[in-house]
Enquirer: 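Pasting a structure below so you can have a look.
When reading the values below, keep in mind they use all heavy atoms of this one structure, side chains included, and skip hydrogens, waters and symmetry mates.
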Amino acid sequence: MKGGIFRKLYMKVRLFFLGLEFPLEDKLFDCRHADFQGALAQSRESDELQIVHADLGDNNFAAYAYNIPLNRIIGKLGRQLTQDLLRVFKKGFCLDGEISMIGKDEDGFFRCEIRIFDRASFMLPYLPDLPYLTSESNE
């Protein structure tokens, strides 16, 4: 139990020094690929996302936005934000998010802005109905 408290405190200190505060707002990059454009065309604002860091060997800074209802990737986070999130959550992080805006740019390509939450944001409303998740022992 004590390790969890110190881990949360350490994470809050790292977030403070990096100037990050949840929810984070960012736009997605590399959305011009045909696969991503097709997924964005089918996406809706407020769709739930998972932001997942994928270790690709030489490119350790790839964090993809995965649209849960569509079961498809819709783009990548920017390099600086991904580096900052890696400093806080380490490799392989997975965060909750949602689409805050979908639009088109001047060239007619879909673009997307997202909102990123901390790990448990989407689970918080359900925790009172699931007391065994927070209990000391499963009875």
Enquirer: Could you measure the distance from the CZ atom of F89 to the NE2 atom of H53? Nearest 0.5 Å is fine.
Expert: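 Result: 13.0 Å between the selected atoms.
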Enquirer: Between the main-chain N or O of N67 and the side-chain N or O of R72, is there a donor-acceptor pair closer than 3.5 Å?
Expert: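 Answer holds: no.
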Enquirer: Is there a path from L86 to V88 through hydrophobic residues (I, L, V, M, F, W, Y) whose side chains come within less than 4.5 Å of each other?
Expert: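 Looking at the clustering, V88 is in the same group as L86.
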Enquirer: Determine the minimum heavy-atom distance between I73 and F36, stating which atoms define it.
Expert: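 Closest heavy-atom pair between I73 and F36: O-CD2, 3.3 Å.
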Enquirer: To the nearest 0.5 Å, what is the distance between CG (L85) and CD (Q80)?
Expert: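 L85 CG to Q80 CD: 10.0 Å, rounded to 0.5 Å.
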Enquirer: Give, for atom CG of D96 and atom CZ of F117, the distance between the pair rounded to the nearest 0.5 Å.
Expert: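 Spacing of CG (D96) from CZ (F117) equals 8.0 Å.
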Enquirer: Could you check I74, L49, D47 and say which one makes a side chain to side chain contact (heavy atoms under 4.5 Å, CB included) with C112?
Expert: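 The option that passes is I74.
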Enquirer: Rounded to the nearest 0.5 Å, what separates atom CD1 in I102 from atom CZ in R44?
Expert: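 Reported to 0.5 Å precision, the distance equals 10.0 Å.
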Enquirer: Which side chain to side chain donor-acceptor pair (under 3.5 Å) pairs, counting each pair once, include a residue from residues 103-113, with sequence neighbours left out?
Expert: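 Non-adjacent pairs meeting side chain to side chain donor-acceptor pair (under 3.5 Å): R32-D105, R32-D107.
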Enquirer: Check whether any side-chain heavy atom of Q37 sits under 4.5 Å from a side-chain heavy atom of C31, and report yes or no.
Expert: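 With C-beta onward as the side chain, the pair touches.
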Enquirer: Do the non-hydrogen side-chain atoms of R14 and R87 ever get within less than 4.5 Å of each other?
Expert: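 No; the side chains remain at least 4.5 Å from each other.
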Enquirer: Do I99 and V52 sit in one hydrophobic cluster, given that two such residues count as connected whenever their side-chain heavy atoms are within less than 4.5 Å of each other, even indirectly?
Expert: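 No, I99 does not connect to V52 through the hydrophobic network.
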Enquirer: Going from CZ on F17 to NZ on K12, what distance comes out if it is rounded to the nearest 0.5 angstrom?
Expert: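 Nearest 0.5 Å value for the CZ-NZ distance: 14.5 Å.
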Enquirer: Side chains of residues 18-30: which donor-acceptor partners sit under 3.5 Å, not counting sequence neighbours?
Expert:
| residue | atom | partner | partner atom | Å |
| --- | --- | --- | --- | --- |
| E25 | OE2 | R115 | NE | 2.7 |
| D30 | OD2 | K76 | NZ | 3.1 |

Enquirer: Could you check whether any side-chain heavy atom of I51 comes within less than 4.5 Å of a side-chain heavy atom of F93, counting everything from C-beta outward?
Expert: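 Sidechains of F93 and I51: in contact.
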